[in-house]
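Have a look at the structure below before the remarks.
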There are 2 protein chains.
Amino acid sequence: MVERVIPEGSRRRRRPTKQGAVLSERLIVETALRLIEEHGAEALSVRRLGAALGADPTALYRYFRNTDALLLALADELIGRAQDGWTATGDWRADLRSMGLRIHARYLAHPQAALLAAHRTTGRPHETRAVERILGVLRTAGFQDALAVRIYHAFVDQALAFAAQDAAALALPPAAREGDAEVWHAVYAKLPPDTHPHIAATFPLLAADMRDSGYPFALELLLVAAATLHPDGTQTPPTPAPTRSPGPVQPVPGP
Amino acid sequence: MVERVIPEGSRRRRRPTKQGAVLSERLIVETALRLIEEHGAEALSVRRLGAALGADPTALYRYFRNTDALLLALADELIGRAQDGWTATGDWRADLRSMGLRIHARYLAHPQAALLAAHRTTGRPHETRAVERILGVLRTAGFQDALAVRIYHAFVDQALAFAAQDAAALALPPAAREGDAEVWHAVYAKLPPDTHPHIAATFPLLAADMRDSGYPFALELLLVAAATLHPDGTQTPPTPAPTRSPGPVQPVPGP
DNA sequence: CGCAACACGTCAATGGTGTTGACGTACGGT
DNA sequence: ACCGTACGTCAACACCATTGACGTGTTGCG
């Protein structure tokens, strides 16, 4: 087939659609995000997106090679929004912490899209900017390249993995979400001490802790471990705050 | 519509299919898992499953309400298999490490099912057994309840989140999977040092590291951090192995 | 300033998907 | 032996992403 997608830079003409809109890559991405936000991830189909744009569904293929390319564009948009306004302070632990929490929070703001986007590698500008920044924080902090790369990898995958995980919980149909949450009181609260002594002994703590996302604490653990690997060997970080994580309550996935 | 699924207990008659097989819930689950394992994640469709069973595709609906019910049955099977044969050694770090790697590996063997399973709380016996075991490892090791619960939470969510993340990469259609992998050489290898100095400086390391899952190293970091929080304060763990993780190469999600 | 090239929105068609209702056969309980 | 029905099969539906062909209106250029 002949490639029908014209690169964004070299477009020349625009014709309005049936309903008068002039299409663009940007308009399509924003409409798709809105569609997902308002009507759920399953609402994103070529046909429905066309309808939302007031255009023929196949007009999409003038701007994106296929739906996967559109999805990558959505993913990159999320990454970009997560970084807007972020600046490095020079304290590598504070910088990684704020970056991780921003990514996590921004993805959770669009759970349905996050679910589709969090496990892709786009290679698009917003993504490369994020990679560059995180690597920069680590190398500037004095980590040797090989170690910086490994920590970068663990850090990024953990942020995205938790984002997808928590987004999945938020994106569940309400019935399933409440069902999963109720399991803690319907099942775990009633497990007898003779068969499940550890669960029985810690149940109140357990039920309370599982209400929120495990990410903030997991992130602190990663930062603590990274500090022990830092070249300035003896530097000991402050013990990660044993307080509850702030912010809105997040339903939690998994047991 | 009339419910056409007969509960497993009260089935009465069986007739062989075209190719002589006698269907059952168990046979269907095992065939589906085999299908995913042998022919890739995308091979699981109702029509192909029917063909693999030697039956009409719609015979499925005599045993499962819909494909989602089938996938949940697959998921339940996975939880059990991940723990089969696991035993505690008394070394809490080794025990958590083996448990985490087992969960991760078992889920990755069936990416499609893992994707649906990893973010649900089932409260079923296999799940409660896993919770009890992990909590047991931590409390037996001497962690106070509140801390044990928090570490448990981070550990479990990390294992499931990475499992889902890596499973998602494996479950992608082959074209998208190869595309994501290729981005590293098509885009990141070519970023100029003046705009992306840190990526340019570390590229070979970066490309090599991103080929595998970030989970094994992220898990080591979690264990290191947990050790620093252990009541026997001064106990210092061996530095996490800076060697590459063993095992099969896993395509990697996210940047 | 006018015109021709072609970008791009549209239409029609293809082959995939999950799912449902109707049907008949052969098997079980009586 | 014979009924009732479980269950395997068939045909059809609605939806999906994607492609090739087509004509029109915009725009760059002479």
Side-chain angles (χ1 to χ4, degrees), chain A residues 1-28 31-32 35-36 39-72 116, chain B residues 1-28 31-32 35 39-72 112 116 171-176:
Chain A
M1 84 171 196
V2 176
E3 179 59 80
R4 73 200 304 166
V5 174
I6 305 295
E8 187 67 359
S10 53
R11 292 182 169 275
R12 295 227 313 271
R13 295 189 268 259
R14 297 299 158 81
R15 295 165 59 193
T17 67
K18 278 179 185 170
Q19 304 185 12
V22 173
L23 296 182
S24 69
E25 202 170 297
R26 173 153 198 80
L27 176 64
I28 293 173
T31 303
L35 204 57
I36 291 175
H39 301 100
E42 74 286 357
L44 186 61
S45 76
V46 173
R47 283 168 172 74
R48 272 191 277 254
L49 183 51
L53 288 164
D56 188 276
T58 62
L60 229 185
Y61 295 98
R62 295 284 169 197
Y63 295 84
F64 299 96
R65 155 184 278 286
N66 51 33
T67 52
D68 195 66
L70 168 62
L71 188 62
L72 290 181
L116 300 174
Chain B
M1 83 167 197
V2 176
E3 180 58 80
R4 76 199 301 167
V5 174
I6 304 294
E8 186 67 359
S10 52
R11 291 182 169 275
R12 294 229 311 273
R13 293 191 271 261
R14 298 300 158 81
R15 293 165 60 190
T17 67
K18 275 181 186 170
Q19 303 184 13
V22 174
L23 296 181
S24 69
E25 203 170 294
R26 173 153 198 79
L27 175 66
I28 293 173
T31 302
L35 204 57
H39 300 97
E42 76 286 357
L44 187 61
S45 76
V46 173
R47 283 168 172 75
R48 272 192 278 254
L49 182 51
L53 288 165
D56 188 277
T58 61
L60 228 186
Y61 295 96
R62 296 281 170 200
Y63 295 85
F64 299 96
R65 262 180 69 70
N66 51 34
T67 52
D68 196 65
L70 167 62
L71 281 160
L72 286 180
Q112 295 277 25
L116 274 184
L172 284 178

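No experiment lies behind these values; they were computed from the predicted model shown. These values consider heavy atoms only, across backbone and side chains, with no hydrogens, waters or symmetry-generated copies. Each chain gets a letter, A, B and so on, in the order its sequence line appears, and its residues count up from 1.
- Of all the heavy atoms in A:Phe64 and A:Glu25, the pair that sits closest is CZ-CG, 3.3 Å.
- Across the protein-nucleic acid pair, A:Glu25 atom CD and C:dG9 atom P stand 13 Å apart, rounded to whole Å.
- For the pair A:Arg62 CZ and D:dC22 P, the interatomic distance rounds to 14 Å; values are reported in whole Å.
- Rounded to an integer number of Å, the gap from CG of B:Leu60 to P of C:dT20 is 12 Å.
- Taking atom CD1 of B:Ile6 as the reference point, atom P of D:dC7 lies 6 Å away to the nearest angstrom.
- The nearest whole Å value for the distance from the CD atom in B:Glu42 to the P atom in C:dT17 is 11 Å.
- Distance B:Leu53 CG to D:dG8 C1': 12 Å, rounded to the nearest Å.
- Pairing each heavy atom of B:Glu42 with each of B:Arg48, the nearest pair is O-NH2, 3.1 Å.
- Side-chain proximity of B:Tyr61 to D:dT18, C:dG18, D:dG8: nearest is C:dG18.
- Closest heavy-atom contact between B:Ala32 and B:Leu44: CB-CD1, 4.0 Å.
- In this structure, CZ of B:Arg65 is placed 10 Å from P of C:dT19, rounded to the nearest angstrom.
- Atom CG of B:Leu35 and atom CD of B:Gln112 lie 10.5 Å apart (nearest 0.5 Å).
- Place A:Pro57 and B:Ser45 on DNA chain C by their nearest nucleotides, and A:Pro57 ends up nearer the 5' end.
- One cannot find a donor-acceptor pair under 3.5 Å joining the base of C:dC27 and the side-chain atoms of B:Arg15.
- A:Ala55 comes within 4.0 angstrom of the backbone, heavy atoms only, and of no base.
- A heavy-atom distance below 4.5 Å is not found between the side chains of A:Thr67 and A:Leu49.
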With the criterion being N/O to N/O and under 3.5 Å, what pairs connect the protein with nucleotides 10-13 of chain D, and how long is each?
residue, atom, partner, partner atom, Å
D:dC10, OP2, B:Lys18, NZ, 3.2
D:dC10, N4, B:Thr58, OG1, 2.9

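- Within the 4.0 Å cut-off from OP1 or OP2 of C:dG9, at least one side-chain nitrogen or oxygen of A:Tyr63 is found.
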Contacts under 3.5 angstrom, residues 54-61 of chain B side chains, donor-acceptor by atom type, not counting sequence neighbours:
residue, atom, partner, partner atom, Å
B:Asp56, OD1, B:Thr58, N, 2.9
B:Asp56, OD1, B:Thr58, OG1, 2.7

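- Residues that satisfy the side-chain hydrogen bond (donor to acceptor under 3.5 Å, both in side chains) test with B:Arg26, not counting sequence neighbours, are B:Glu30.
- Across the protein-nucleic acid pair, B:Leu49 atom CG and C:dG18 atom C1' stand 13 Å apart, rounded to whole Å.
- The side chain of A:Arg48 contributes no N or O atom lying less than 4.0 Å from OP1 or OP2 of D:dC15.
- One finds no side-chain N or O of B:Thr17 lying less than 4.0 angstrom from the OP1 or OP2 phosphate oxygen of D:dG8.
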